[in-house]
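Mind having a look at this structure? Questions to follow.
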Amino acid sequence: RGWELLDQGDTEGAEKSARLALALDANDAETLTLLGTVLGAAGRDQEAMECLEHALEVDPEYATPALYAAELLYATQTDLAQAFAYAEQASEHAEEEAEFVDAVVLGAEILLADDQHDRARELLTSLPPVAWPEASSHIRAALVLLALEDPDAARAHVDYALAIAESTAGDDDARGA
């Protein structure tokens, strides 16, 4: 229920839902991740990191809190080395392709922000040159590659993103959206 409320933009309701659930089980990794996500969205970064780190203590193989912790540290530019460590942890434990790709692309973004250009390029090129599940991951990869002055590789990712967008638009047309 809390994730649904968050998706609807009701951060207050999502926080209340998470806190009620944590009153029943203070060590539920998914609920701790939800609360960390809500707190991060509200700009309460320290509290958010505490929740995400607690979720990782409870379940170190749960990729989502590691991914969100990496995103939070990257967004605030507070500890890029730790942000990268969380991105790596998320990629190692990702159960879905989209989450894996997101973690690897985020890792490349973090390395770029930390002026580790060669490592960022190496990380991105470790991914197979195929269409990933999310067009946004290709756009993010293209931006990293442009910053690394590799326009040809960036263009390939833009092309993949456009193909995904076109196929999604075709799906929407078929459903009458």
Side-chain angles (χ1 to χ4, degrees), residues 1-116 120 123-124 132-144 146-147 161 164-165 168 172 177:
R1 175 93 175 111
W3 289 108
E4 291 172 19
L5 292 169
L6 184 61
D7 288 343
Q8 296 167 3
D10 183 0
T11 54
E12 189 176 304
E15 181 177 352
K16 185 176 181 178
S17 176
R19 291 196 185 279
L20 287 171
L22 286 172
L24 300 173
D25 182 359
N27 289 316
D28 182 75
E30 184 173 351
T31 305
L32 287 162
T33 301
L34 168 63
L35 184 57
T37 304
V38 169
L39 294 171
R44 294 159 57 189
D45 299 341
Q46 183 61 39
E47 292 173 87
M49 282 303 299
E50 289 170 7
C51 288
L52 296 169
E53 288 171 345
H54 187 181
L56 288 167
E57 289 170 12
V58 170
D59 186 353
E61 295 186 5
Y62 185 22
T64 304
L67 184 60
Y68 291 173
E71 289 173 349
L72 182 60
L73 290 175
Y74 171 60
T76 60
Q77 300 281 303
T78 52
D79 187 345
L80 293 175
Q82 184 60 50
F84 183 74
Y86 282 133
E88 275 191 317
Q89 183 177 354
S91 69
E92 290 169 8
H93 298 293
E95 293 181 7
E96 297 175 12
E97 182 183 19
E99 192 171 49
F100 171 76
V101 169
D102 191 28
V104 172
V105 172
L106 178 60
E109 290 169 326
I110 293 165
L111 291 171
L112 179 65
D114 201 26
D115 291 324
Q116 297 184 47
L123 187 58
L124 272 184
W132 303 328
E134 303 288 332
S136 61
S137 296
H138 282 291
I139 296 298
R140 290 171 48 217
L143 291 171
V144 170
L146 282 174
I164 292 168
T168 302
D172 289 344

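Along the sequence shown, the residues carry numbers beginning at 1.
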I'd like to check C51 versus L39 (side-chain heavy atoms, cut-off strictly below 4.5 Å). Are they in contact? yes

CG of L35 to NE2 of H54: how many Å apart, nearest 0.5 Å? 11.0 Å

Report the residues that fulfil side chain to side chain donor-acceptor pair (under 3.5 Å) with E96, sequence neighbours left out, ordered by chain and then residue number. none

Got a second to check how far F100's CZ is from H93's NE2, nearest 0.5 Å? 12.5 Å

Heavy-atom closest contact (G2 atom, A14 atom, distance): O-CB, 3.4 Å

Which atom pair, heavy atoms only, marks the closest approach of A29 to A55? O-CB, 3.6 Å

What are the two closest non-hydrogen atoms of G40 and D45, and how far apart are they? O-OD1, 4.0 Å

Does L5 reach the side chain of E15, with side-chain heavy atoms less than 4.5 Å apart? no

Student check: side-chain heavy atoms of E134 and D102 closer than 4.5 Å: no

Hey, what do you get for CG (D25) to CG (D28), rounding to the nearest 0.5 Å? 5.0 Å

Which residue pairs pass the side chain to side chain donor-acceptor pair (under 3.5 Å) test when at least one of the two sits in residues 78-88, sequence neighbours left out? E53-Y86, T76-T78

Taking atom types as modelled, is there a side-chain donor on Q8 or D10 under 3.5 Å from an acceptor on the other? no

More than 12 foreign heavy atoms under 6.0 Å from CD of E61: is that the case here? no

Would you compute the distance between atom CG of L32 and atom OG1 of T64 and round it to the nearest 0.5 angstrom? 13.0 Å

Check against side chain to side chain contact (heavy atoms under 4.5 Å, CB included), V38 and E12: CA-CA 8 Å; V38 169; E12 189 176 304; over 6 Å; no

Side chain to side chain, M49 and L73, heavy atoms closer than 4.5 Å: yes

Using a 4.5 Å cut-off on heavy atoms from C-beta on, say whether the side chain of L6 contacts that of T37. yes

Can you tell if the side chain of Q89 reaches within under 4.5 Å of the side chain of L56, non-hydrogen atoms only? yes

So L124 and V105, do their side chains get closer than 4.5 Å, heavy atoms only? yes

Report yes if some heavy atom in the side chain of F84 is under 4.5 Å from a heavy atom in the side chain of L123; otherwise report no. yes

What are the two closest heavy atoms between A87 and I110, and how far apart are they? CB-CD1, 4.2 Å

State, to 0.1 Å, how close A63 and E99 come at their nearest heavy-atom pair, and which atoms those are. CB-OE1, 3.6 Å

In chain order, what residues pass the salt bridge (charged side-chain N to carboxylate O under 4.0 Å, His left out) check against E71, with sequence neighbours excluded? none

Testing the basics here: between L52 and Y68, what is the closest heavy-atom pair and its distance to 0.1 Å? CD1-C, 3.9 Å

